[in-house]
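Within every chain, numbering begins at 1; the chains are lettered A, B, ... in the order of the sequence lines, protein sequences first and strands thereafter. This is a predicted model, so every value here is computed, not measured. All heavy atoms count here, side chains included; hydrogens, waters and symmetry mates do not.
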There are 2 protein chains.
Amino acid sequence: MKEDFMHSLGHLALAARFKRISDAMIHSGRQMYKSLGWDIEPNWYLVFCLLEEKGARTVTQMADDLGYTHPSMVNMIKKMQLAGYVEAVSDEQDGRKQWVKLTEKSTQHLPEFHRLWNGGISWAEELLPPETGFLELLSKLETQLKERDFKDRTLDRFHDEK
Amino acid sequence: MKEDFMHSLGHLALAARFKRISDAMIHSGRQMYKSLGWDIEPNWYLVFCLLEEKGARTVTQMADDLGYTHPSMVNMIKKMQLAGYVEAVSDEQDGRKQWVKLTEKSTQHLPEFHRLWNGGISWAEELLPPETGFLELLSKLETQLKERDFKDRTLDRFHDEK
DNA sequence: TATATTTGCGTAGTCAACTACATAAATAAT
DNA sequence: ATTATTTATGTAGTTGACTACGCAAATATA
């Protein structure tokens, strides 16, 4: 087993390790869908689950729900629409709004999709069970960063110790 | 406090949350350097620390040390070289190898850089102290994903439950 | 010794997030 | 009623990771 230099950096390398892990999982997820011959992409599950729970939703609402910027949402939805998984319907009162909703194709495939996703969930749950408190620590981190971002928190300490 | 839809997805949204956090920290880090008027970028600290510890290193070695692909390393080093923080010296025996090492500019600025990084570290250590086992859980996750990737682990479970 | 393979580095093109800007509809203000 | 602001969506360009490919030097094999 080779030692990992990033690990030796401890808390310093936190962001880089998060990125490395998420990149690896997302890339692996893409390969997974490809190997199954499914025409969906990593992260689309966020939209699928969101629309399953909340029904029709506008682009801006979805961006807000998921914590993405709206241009990211637009790109994602555009692709899902092209693949036939969602459709957009203009609001009758408000000409700006586009209500995005799942199509027939989605409702057909979602049970199978969920079976796959459950495979991933069960692995993650075994590795990081509730008693480890991992997800709560992640939430704490996210909450703190939302309240006052990494830059400001770091600069505070930097200037204090001057 | 608004509830976060991703949190409601539990272990399903793990990769997306890792990505969201790292993106936020990296972006915030970039703003931080800009606000200080420093001409360095997020993630360069990995190279700085690596070269401080190991001295001169080739591109391929560094990619291996840090777990990046070599083209990523090439891009990073190219920029650091342009900014004057590293220099590349050709190996005398082996004409392919480029030994990358820190410049005078680096040794001048690194003490100040470390003071800043320590600010970030102290925040992260307070939030995720050793007794939470957070870094160990992260390492466990990385180790498992390296042994057998996310796709294969998920597909195993998917096919087993058929 | 000639040829094939491996190794180190580099380039080109892809991808999903971002910021900044643009546009058009709805709403508020004068 | 006109004008200004806000809101919803869309477009363009940047970023840092990736894969795939190319090339030249070193090494192994025939």
Between [X] and [N], is there a side-chain N or O to OP1/OP2 distance below 4.0 Å?
X	N	value
A/K79	C/dC15	no
B/T69	D/dA17	no
B/Y68	D/dC18	no
B/S72	D/dG16	no

For this session: Could you state whether A/M76 and A/W99 fall into the same hydrophobic cluster, counting links through intermediate Ile, Leu, Val, Met, Phe, Trp or Tyr residues with side-chain heavy atoms under 4.5 angstrom apart?
Result: no
Exercise. Which parts of nucleotides 22-27 of chain D does protein reach within less than 4.0 Å, heavy atoms only, written one letter per nucleotide 5' to 3' as B for base, S for sugar-phosphate only and - for none?
Worked result: ---BS-
For this session: For DNA chain C, determine which residues of residues 28-45 of chain B have any heavy atom closer than 4.0 angstrom to one of its atoms, and list them numerically.
Result: none
Problem set entry | DNA chain C contacts among residues 11-22 of chain A, heavy-atom distance under 4.0 Å | none
Problem set entry | Residues which pass side chain to side chain contact (heavy atoms under 4.5 Å, CB included) with B/D156, listed by chain and number, not counting sequence neighbours | B/R148
Problem set entry | Test side chain to side chain contact (heavy atoms under 4.5 Å, CB included) applied to A/S28 - qualifying residues, sequence neighbours left out | B/D149, B/F150, B/K151
Exercise. Can the ring centroids of B/W38 and B/F113 be said to lie less than 6.0 angstrom from one another?
Worked result: yes
For this session: Return each pair, listed once, that meets salt bridge (Lys or Arg N to Asp or Glu O under 4.0 Å) where at least one residue sits in residues 18-29 of chain A; pairs must be two or more places apart or across chains.
Result: A/D4-A/R20, A/K19-A/D23, A/R20-B/E142
Problem set entry | From OG (B/S8) to CD (A/E53), nearest 0.5 Å | 5.5 Å
